[in-house]
Amino acid sequence: MSEKSPVSSAGLRRDMDILEVLAGHGDDRDVDGFGVNWIAQRLGREKSQVSRALRALEAEGMVERDPMTKRYRLGWRLFALAARTQQSRLVQLAVPFLRRLATVCDEDTHLCVQRGDMALTLMTLPSSRAFHRIWEGISIPVIMAAAGRSLLSDWDDAQIRESLRAPLPVGLGSSVNDEKQWLADVAHVRSFGYAVTAFEMDDGVFGVSAPVRDHRGVIAAAVSVSVTRAPGESRLHEIGGIAAETARQLSIALGLPPGGRGVLSAMPSRAR
């Protein structure tokens with residue numbers, strides 16, 4: 001078998017160098033992008049060579065050019081690939097944590113993420129019950145999701161109020177009934193690491209959720225438990241503590257240092 005030509009890999013390396021420059025590092029980062037001259041100087045390459053490479057990368061959606069400033073920045077396709085990779089890793093890492101949570105609580109557990117103004121359930125792991133409500137792959141307005149309190153817990157109250165007062169899709173009502181309670185639930189997440197709510201989309205179901213953070217301390221997801229077995233208040237908060245601890249452990253698995261931003265160092269005690 002003959003060896004492959006090194007030309008294509010060398011070209012790929014040059015393209016990767018351009019992408020790394022556009023990603024920026026230290027004081028080189030610039031949200032408005034970079035011009036061809038600057039990129040060429042930074043790489044020590046001919047302007048015409050860099051310009052051709054940028055046009056090819058733009059055609060593939062890997063970079064984009066501002067029509068006004070003529071500067072280049074990373075493109076939509078690169079971000080889409082990164083998001084899919086991050087989401088896949090999140091699901092893979094979350095499976096054992098959610099499975100353990102479902103076993104301990106004997107209730108259906110879910111992994112939810114925020115997509116715009118919607119909450120998407122990436123994964124559902126069922127309890128031992130014979131019948132289940134599987135939410136996997138379903139999106140609902142984040143303000144109607146049990147996990148919404150955890151997903152939005154880093155927002156300030158003004159942002160949350162604005163979202164709560166926004167019209168909902170036809171058939172789902174026009175507003176959330178109790179804004180004060182919603183904000184109280186979010187405050188509980190901030191203080192104790194979990195929320196306990198009556199689930200707006202399903203009568204007789206309580207939702208218990210806790211935020212999951214990535215290596216930066218940013219909320220990446222929420223673990224959620226659908227509680228249907230007529231629980232008392234003490235049981236709901238017991239599940240809340242377990243969910244918060246599960247979210248803490250998953251956050252550490254995602255790269256957040258133990259004790260990092262937004263993660264309580266120990267299982268929260270019952271409160272409210």
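Values below: all heavy atoms of this structure, side chains included; hydrogens, waters and symmetry mates excluded. All residue numbers in this chain count up from 1 along the given sequence.
- Heavy atoms only, all atoms of each residue included: Ala220 and Leu90 are closest at O-CD2, 4.2 Å.
- Residues Trp155 and Ser163 are in side-chain contact: their nearest non-hydrogen atoms beyond the backbone lie under 4.5 Å apart.
- The two atoms that bring Met123 and Leu98 nearest to each other are CE-CD2, 3.9 Å, heavy atoms only.
- Atom CZ of Phe34 sits about 12.5 Å away from atom CD of Gln41, to the nearest 0.5 Å.
- With a 4.5 Å cut-off on side-chain heavy atoms, Val227 and Val196 do not count as touching.
- By the side-chain contact (heavy atoms from CB on, under 4.5 Å) test, Gln49 is found to be paired with Arg14, Arg45, Glu46, Arg52, residues two or more places apart in sequence or in another chain being considered.
- Comment: Arg216 engages Asp214 in a salt bridge, judged by a side-chain N to carboxylate O separation of less than 4.0 angstrom.
- Counting heavy atoms from C-beta on, the side chains of Arg73 and Val63 never come closer than 4.5 Å.
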Please walk me through it: do Arg71 and Glu64 pass salt bridge (charged side-chain N to carboxylate O under 4.0 Å, His left out)? CA-CA 8 Å; Arg71 291 185 174 192; Glu64 58 187 29; over 6 Å; no

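- Nearest heavy atom pair, residue Met62 against residue Leu19, reads O-CD2, 4.1 Å.
- Once rounded to the nearest 0.5 Å, the distance linking CZ of Phe97 with CG of Leu250 reads 5.5 Å.
- Taking 4.5 Å as the limit, every side-chain heavy atom of Leu125 sits out of range of all side-chain heavy atoms of Asp108.
- Taking the six-membered ring for Trp, His237 and Tyr194 have ring centres closer than 6.0 Å.
- A salt bridge does not link Glu107 to Arg235: none of the charged side-chain nitrogens sits closer than 4.0 Å to a carboxylate oxygen.
- Rounded to the nearest 0.5 Å, atoms CD1 (Ile219) and CZ (Arg213) are 4.5 Å apart.
- Under the side-chain hydrogen bond (donor to acceptor under 3.5 Å, both in side chains) criterion, Arg99 pairs with no residue, sequence neighbours left out.
- A donor-acceptor pair shorter than 3.5 Å can be found between the side chains of Gln181 and Asp185.
- Neither side chain, His110 nor Thr121, offers a donor N or O lying under 3.5 Å from an acceptor on the other.
- Heavy-atom minimum distance, Trp182 versus Val142: CZ2-O, 4.2 Å.
- A salt bridge is absent between Asp66 and Lys70; no separation between the charged side-chain nitrogens and carboxylate oxygens falls under 4.0 Å.
- Remark: Lys47 NZ to Trp38 CH2 distance equals 15.5 Å, nearest 0.5 Å.
- Closest of all the heavy-atom pairs between Pro211 and Ala247 is O-CB, 3.3 Å.
- Considering all non-hydrogen atoms of both residues, Val189 and Ala195 come closest at CG2-CB, 3.4 Å.
- A donor-acceptor pair shorter than 3.5 Å can be found between the side chains of Ser150 and Ser209.
- At a cut-off of 3.5 Å, with distance as the only test, a side-chain donor of Arg55 or Ser51 sits close to an acceptor on the other residue.
- Within the 4.5 Å cutoff, the side chain of Arg100 has heavy atoms near those of the Gln249 side chain.
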